[in-house]
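Notes follow once the structure below has been shown.
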Amino acid sequence: MDAHIKKVYVPMTETGFYILLCLREESHGYGIVQKVDELTKGEIRISPGTMYGSLSKMEKDGLIQFVREEEKRKIYRITVLGNQVLDLEMKRIERLYHTMVEVR
Amino acid sequence: MKDTKTEFRFFTVPEWKKEEEYLRQRHKSGWKFVRVTFPGMYHFEKCEPEDVIYQLDYNQEGLAHKEEYVQMFRDCGWEYLQDFVGYSYFKKSALEMNGEEEIFCDDASRLDMMKRVIKGRMLPLLIMFFLVILPNIYIQSRIDSPINHVLTCVFIGLLVAYLTLFGWIGYHYWKYRNSLLH
């Protein structure tokens, strides 16, 4: 993983994290919006401008890849690099969580 | 009674927030935005007053892949209206929202949009600045004839205008960035 990717994506925004998390299964942008809504019980609703910008940026940086198009919706899937970034983030959040619980 | 009207408004490059608010206020007072045409003519139609949120995006990649771009907004309940000088216009009724909604949900993506605007708008200006204005001030000022003196003045005038514009856009960027960070 090169320095640029690390600098931009570690740590990443909550939106970015959820997008990568969801794209471990193939999905289009709106599918991710719905999934995140369900996972967070309506707590996080990703807006379309943010979603579109994030997906194109992540595709350009090779974190996700285009799979196919279905009814004008682009379907994506996470790449090996995307998984590495997600893994780093998960470990960071885990560490954060454990530290928080310890000192609380 | 007339049921359409046109207003001229000029919003400079970084003032899309002002423009969104302007369209929202018009709709609230019973004038529905129909379209905007060059150089800044805003056409309205009389309607029932309603709180409708207008939002502008600036995304050249979206414009290049219009169908799927618009589809994503439509899926999220935003109606696509038109494009105008690089901006795409969307609207959604406040009644259809759960709380407040915008087309961007975090500061990182708001800042990304600001960067796209600056890149899309400043790059052509910078090219003009360095390849046309600066060389011409140098070239014209070296030739000693009345016409070249006039041209020198013209290009110096342009230089001042450009520097003012850069300063203005830079100031807005800085202000916007600060408002997001704090």
Side-chain angles (χ1 to χ4, degrees), chain A residues 4-5 7-20 22-23 26-61 63-76 85 89, chain B residues 16-17 19-20 53-81 83 86-92 94 96-120 176 180-181:
Chain A
H4 166 75
I5 297 289
K7 184 168 171 281
V8 176
Y9 293 100
V10 186
M12 65 170 64
T13 60
E14 212 166 340
T15 316
F17 180 77
Y18 277 117
I19 292 175
L20 281 187
C22 290
L23 284 182
E26 292 179 359
S27 176
H28 51 68
Y30 186 56
I32 301 171
V33 173
Q34 289 174 306
K35 187 80 187 283
V36 172
D37 190 67
E38 185 189 309
L39 285 173
T40 64
K41 298 179 181 66
E43 204 62 43
I44 299 209
R45 206 171 302 115
I46 305 178
S47 300
T50 302
M51 177 60 79
Y52 196 89
S54 301
L55 287 177
S56 19
K57 215 162 116 183
M58 284 180 168
E59 189 187 8
K60 219 177 288 158
D61 287 333
L63 269 63
I64 60 173
Q65 68 187 63
F66 170 70
V67 184
R68 64 177 179 281
E69 196 173 316
E70 248 173 46
E71 291 167 357
K72 290 188 260 172
R73 295 178 186 91
K74 270 176 142 183
I75 296 181
Y76 295 95
V85 173
E89 269 303 275
Chain B
W16 69 88
K17 281 279 146 210
E19 188 174 349
E20 291 172 356
I53 311 295
Y54 288 85
Q55 297 268 283
L56 272 65
D57 190 11
Y58 190 99
N59 197 322
Q60 282 161 329
E61 214 176 307
L63 289 184
H65 307 88
K66 188 95 152 262
E67 282 207 329
E68 37 122 344
Y69 174 64
V70 167
Q71 183 63 44
M72 187 173 296
F73 283 79
R74 196 181 298 139
D75 283 341
C76 296
W78 291 89
E79 186 188 333
Y80 165 73
L81 299 168
D83 301 319
Y87 284 101
S88 302
Y89 289 64
F90 298 94
K91 73 169 179 184
K92 186 174 186 175
E96 290 168 33
M97 295 181 183
N98 306 303
E100 280 179 24
E101 258 186 65
E102 288 181 19
I103 58 166
F104 298 110
C105 57
D106 62 21
D107 287 347
S109 57
R110 287 185 192 106
L111 205 60
D112 278 345
M113 157 150 177
M114 180 65 145
K115 285 179 187 158
R116 288 196 298 269
V117 171
I118 289 191
K119 223 166 128 189
Y176 188 64
L180 292 181
L181 293 176

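Residue numbers begin at 1 in each chain, while the letters A, B, ... track the order of the sequences.
Interface remark: B:Asp75 contributes backbone and side-chain atoms alike to the contact with chain A (heavy atom separation under 4.5 Å). Of the atoms belonging to B:Gln71, it is side-chain heavy atoms, and not backbone ones, that fall under 4.5 Å from chain A. At a 4.5 Å heavy-atom cutoff, B:Asp107 makes no contact with chain A through either its backbone or its side chain. With a threshold of 4.5 angstrom between heavy atoms, B:Gln55 does not approach chain A through any atom at all. Of the two parts of B:Asp106, the backbone and the side chain both hold a non-hydrogen atom closer than 4.5 Å to a non-hydrogen atom of chain A. Using a 4.5 Å cut-off between heavy atoms, B:Tyr69 touches chain A through backbone and side chain atoms alike.
Residues A:Ile32 and A:Tyr76 fail the side-chain proximity criterion, which asks for heavy atoms closer than 4.5 Å.
For A:Lys41 and A:Glu43, the salt-bridge test fails: no basic side-chain N is under 4.0 Å from an acidic carboxylate O. Ion pairing between a basic and an acidic side chain is recognised when a charged N comes within 4.0 Å of a carboxylate O; A:Arg68 and A:Glu26 show such pairing.
For A:Lys57, the NZ atom is loosely surrounded, since the number of other residues' heavy atoms within 6.0 Å does not exceed 12.
For residues 30-39 of chain A, the set of pairs meeting the salt bridge (Lys or Arg N to Asp or Glu O under 4.0 Å) definition, not counting sequence neighbours, comprises A:Asp37-A:Arg45.
Side chains of B:Asp57 and A:Tyr52: a donor-acceptor N/O pair is absent below 3.5 angstrom, by distance only.
In terms of heavy-atom pairs under 4.5 Å with chain B, the best-connected choice from A:Lys74, A:Glu71, A:His28 is A:Lys74.
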